[in-house]
Amino acid sequence: MSERRPLSRRPLLAALAALPLAAPSIASAAKGKGGTVTVNTKSIAESPSGGWKVLLTIKLPRKPATPHQTFRFIFAPLVIYETYLDDSSPNEKTRAIPQNKDVQPNVETMDVGFSDARGDLFDTTKFDFTIRRDRGFSAGEYQLEVTDGEGSRIGQPVTLKLEGKNEVVDRRTMMLQGNVGPKKPAPAASAAPAPPAPPGNEAAAPPLEGAVPRTEDMGPDGPPPVEKKGGCGCSVPGSAEAPAWPALLAAAALGLTRRARPRRAAPQS
């Protein structure tokens, strides 16, 4: 008869040692409720009015107990598209900037209906909603995860691409040096004074008012007529229109002065 060998305890100890390593995987699998989440399109164009419209089909593992269920839509940013300018080209460029895993995701909480107008319940529904820039979204790539009100994940995460153009970032050297603007044009140099004209080439000065024109300035019909202007009422001596009474008064005054002088007495011999 052959002897029975004792059972080795090594396989049993190895299985017990592996249980702590498998525990996180078991907990992760238990966290999900199953079901599926499907997007109609993974690349979504930004609408002219702003925002991206997300179309989803959500299928639960069984019919819900109530017509409406609360879901959390978690958008974790993977890549953000940056539009920028640099010194290499005057045209705008775009690059994809990977995001750190520690970046806070954007979360949208909404109620989703699983019934029709008659109140019949279904395990599948189609749902759509719009996400906008004022809610913290930018053009880029996001990982979408859907969970129910208890935190259990529905289906598997999906990747969405939000198309569009983000705000332009200016990386040109001129902008990095303190937004140096274009230089102002230097003020024009003042014109140098004109040199004095040489003797004999002086420009003719305008005639003085009331001056008698020169012979060389007279025409064939004599001097031009002098324009009369208002003044004190006096007339220019020698003019044909000058009155004679001032001269007569002056002569009379001179005669009276001569008569008023005393005659000297004749010397006595």
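Residues: numbered from 1 along the sequence shown.
The closest side-chain heavy-atom distance from Thr159 to Lys161 is not below 4.5 Å. When side chains are defined from C-beta on, Pro67 counts as touching Leu121, because their heavy atoms get closer than 4.5 Å. Contact annotation: the side chain of Tyr84 never approaches that of Val168 to less than 4.5 Å [non-hydrogen atoms, C-beta and beyond]. When side chains are defined from C-beta on, Thr36 does not count as touching Leu60, because their heavy atoms never get closer than 4.5 Å.
For the atom pair NZ (Lys126) and OG1 (Thr124), the distance works out to 10.0 Å, reported to the nearest 0.5 Å. Residue Leu56 holds its CG atom at 8.0 Å from CZ of Phe127, rounded to the nearest 0.5 Å. Residue Lys63 holds its NZ atom at 7.5 Å from CG of Asp120, rounded to the nearest 0.5 Å. Remark: Arg153 CZ to Thr147 OG1 distance equals 10.0 Å, nearest 0.5 Å. Interatomic distance, CG of Leu55 versus OG1 of Thr38, reported as 12.5 Å (0.5 Å rounding). Phe71 contributes atom CZ, which lies 12.0 Å from atom CZ of Phe129 (distance to the nearest 0.5 angstrom).
The one candidate from Arg133, Lys53, Lys165 that meets the side chain to side chain donor-acceptor pair (under 3.5 Å) condition with Glu46 is Arg133.
Hydrophobic cluster membership differs between Val79 and Leu160, with clusters built from Ile, Leu, Val, Met, Phe, Trp and Tyr side chains linked at under 4.5 angstrom. Under a hydrophobic clustering in which Ile, Leu, Val, Met, Phe, Trp and Tyr are joined whenever their side-chain heavy atoms come within less than 4.5 Å, directly or via other members, Ile154 and Val158 fall into the same cluster. Clustering ILVMFWY residues whenever any of their side-chain heavy atoms sit less than 4.5 angstrom apart, transitively, puts Ile44 in the very cluster that holds Met110. Put simply, Val39 and Phe73 are part of the same group of oily side chains (I, L, V, M, F, W, Y) that touch within less than 4.5 Å, one to the next. Linking ILVMFWY side-chain heavy atoms closer than 4.5 Å, directly or via other members, places Val54 and Leu78 in two distinct hydrophobic clusters.
What you find for Arg135 and Val107 is that their closest heavy atoms are NH2-O, 4.4 Å. The two residues Phe137 and Leu162 make their nearest non-hydrogen contact at CD2-CD1, 4.3 Å. Among all heavy-atom pairs drawn from Pro77 and Val103, the shortest one is CG-CG1, 3.7 Å. Annotation for Ala76 and Pro105: closest pair CA-CB, 3.9 Å, computed over non-hydrogen atoms.
Formation of a donor-acceptor pair under 3.5 Å by the Gln99 side chain with backbone atoms of Ile97 is found in this model. The backbone N or O of Ile58 sits nowhere less than 3.5 Å from a side-chain atom of Thr125 that would complete a donor-acceptor pair. When atom types are taken as modelled, the side chain of Arg72 and the backbone of Ile74 share no donor-acceptor pair closer than 3.5 angstrom. At least one donor-acceptor pair closer than 3.5 Å links the side chain of Asp116 to the backbone N or O of Gly119. When atom types are taken as modelled, the side chain of Trp52 and the backbone of Glu163 share a donor-acceptor pair closer than 3.5 angstrom. At least one donor-acceptor pair under 3.5 Å links the side chain of Asn166 to the backbone N or O of Ala139. Side-chain atoms of Asn106 come within 3.5 Å of backbone atoms of Gly136 as a donor-acceptor pair (strictly under, hydrogens ignored).
There is a side-chain donor-acceptor pair under 3.5 Å between Glu141 and Tyr81.
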Arg132 and Asp134: CA distance, side-chain angles, deciding distance, salt bridge (Lys or Arg N to Asp or Glu O under 4.0 Å) verdict
CA-CA 6 Å; Arg132 303 183 182 277; Asp134 56 4; 5.5 Å; no

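Of the charged side-chain nitrogens involved, none lies within less than 4.0 Å of a carboxylate oxygen, so that Glu82 and Lys93 do not count as a salt-bridged pair.
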